Amino acid sequence: MVGKICGTGSYAPPHIMDNNDLAKIVDTSDEWIRERTGIVRRHVIQEETTSYMAGQAAMRAIEQSGTDPEEIDLILAATSSSETVFPCMACEVQKMIGAKRAAGFDINAACTGFVLAYNTAQAYISAGIYRTVLVIGAESMSNMVDWTDRSTCILFGDGAGAVLLKAEEGTPCRMAAYSDGKKGEALTALSRHRKGWEELTGEEKKSDKESYIQMDGQAVFKFAVRKVPEIVEELLGQENLGVEDVDWFILHQANRRIVEAAAKRLKADIAKFPMNLDEYGNTSGASIPILLDEMNRKGMFERGQKIVLAGFGAGLTWAACLTEW
Ligand code: ACO
């Protein structure tokens with residue numbers, strides 16, 4: 001058995017901050033941010049919570065698939081920025097969508113979270129345990145960044161995406177996942193409930209900086225550019241496929257230069273690496289399902305197309321899946 005995507009949905013907060021807005025807060029420029037990252041603007045929560053965004057994305061995926069929420073067996077929610085430690089976000093979404101029969105739990109692996117949740121869903125489906133699984137990625141990164149730190153606050157945005165998988169006869173997906181806890185210090189954030197950045201006083205913004213996202217940008221860059229091609233080649237090798245056999249490489253949207261460098265190392269056509277980080281920035285665990293939903297709603301997928309999903313991020317963690325539309 002294999003899980004086929006039968007519906008996608010996403011939610012981005014309507015409030016937008018573009019690079020020029022950031023240049024009013026920290027010493028940066030539109031030109032620097034575009035050139036180094038490819039990001040132009042990002043959506044930022046105001047009243048929304050992470051669970052609210054997750055619920056909206058989930059409802060859109062369910063509506064598109066025409067599924068009764070009571071058919072859903074399992075809800076997997078990838079997040080590392082939920083306002084609540086418990087109840088978990090999956091249970092909050094269950095309540096919102098009325099998926100009364102579903103089990104649910106969260107997966108926290110930062111930017112790799114969605115791919116790990118997708119792989120977990122596929123594993124349950126191929127084992128014959130569940131048939132209908134909702135997989136969500138939702139993040140409020142704006143609550144986690146230090147808005148006085150120009151090296152990190154320019155990178156991130158908020159949003160949510162979801163896919164609904166249904167079991168069909170077929171070969172299970174190829175999956176792989178790794179972590180390297182010894183390198184975890186390259187990207188950290190302490191668990192602590194935050195106010196919205198606009199509510200913080202100047203002193204609060206300056207104090208306790210270590211509880212915000214701390215990142216060795218160049219170390220993360222090098223890690224991503226090395227590990228993403230490695231894991232993709234591993235999956236393709238298991239199926240005796242080449243990069244030319246893959247229709248889409250859907251990578252975590254951290255930085256345009258990371259995606260371009262990964263494509264170059266793989267010697268693959270960059271046209272097969274869709275990007276939307278100009279619009280959203282890095283939405284961590286939400287970036288891949290938001291991109292999937294955008295592409296799906298534009299009619300860019302055809303049944304049977306081969307798709308590689310690849311995530312990488314804090315932990316350090318990285319994971320990939322070779323899946324079919
Ligand atoms: N505006 C202007 N100047 C800046 C800014 C900014 N926003 N941020 C840093 N600079 C300055 C630095 O202070 C430094 O100045 P100096 O030379 O006078 O010391 C200079 O620009 C170069 O800084 P670097 O950190 O070397 O810049 P780099 O080219 O490495 O780009 C970046 C930084 C964009 C963070 C890059 O390292 C990167 O993309 N790393 C990948 C990490 C990533 O995407 N993380 C996202 C989270 S993790 C994930 O999703 C997996």
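Keep in mind that what you see is a predicted model, and the values were worked out from it rather than measured. Numbering of ligands and ligand atoms starts at 1, following listing order. Residue numbers run from 1 in the order of the sequence given.
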re atom 28 (P) of ligand 1, the protein heavy-atom contact at minimum distance is Arg36 NH1, 3.4 Å
Those residues at least two apart in sequence (or on a different chain) that pass ring pair (Phe, Tyr, Trp, His ring centres under 6.0 Å) with Phe312 are His252
Tell me yes or no: between the side chains of Tyr178 and Glu230, is some donor less than 3.5 Å from an acceptor?
no
Cys111 heavy atoms within 4.0 Å reach ligand 1 at atoms 49 (C), 50 (O), 51 (C)
**Q.** Ser142 and Asp158 side chains, donor-acceptor separation under 3.5 Å
**A.** yes
For Leu187, the ligand 1 atoms with a heavy-atom partner under 4.0 Å come out as 48 (S)
Restricting to heavy atoms, the pick from Asn255, Asn282, Ile33 nearest atom 39 (O) of ligand 1 would be Asn255
So the atoms of ligand 1 within less than 4.0 Å of a heavy atom of Asp27 turn out to be 1 (N), 2 (C)
### Task
Would you please indicate yes or no on a ring centroid separation below 6.0 angstrom for Trp248 and Phe273?
no
re atom 13 (O) of ligand 1, the protein heavy-atom contact at minimum distance is Arg150 NH2, 2.8 Å
Here the atoms of ligand 1 under 4.0 Å from any heavy atom belonging to Val220 are 42 (C), 48 (S)
Exercise. Would you tell me whether Glu71 and Thr132 have side-chain atoms, one donor and one acceptor, within less than 3.5 Å of each other?
Key: no
A student comparing Ala219, Gly217, Gly315, Gly281 should find that the heavy atom closest to atom 37 (O) of ligand 1 comes from Gly217
If we number the atoms of ligand 1 from 1 as shown, the ones under 4.0 Å from a heavy atom of Gly313 are 51 (C)
A student checking ligand 1 against Phe221 at a 4.0 Å heavy-atom cut-off should list atoms 38 (C), 39 (O), 40 (N), 41 (C)
If we number the atoms of ligand 1 from 1 as shown, the ones under 4.0 Å from a heavy atom of Phe312 are 51 (C)
Restricting to heavy atoms, the pick from Gln218, Gln253, Lys222 nearest atom 26 (O) of ligand 1 would be Gln218
If you scan protein heavy atoms around atom 31 (O) of ligand 1, the nearest is Arg257 NH2, 3.7 Å
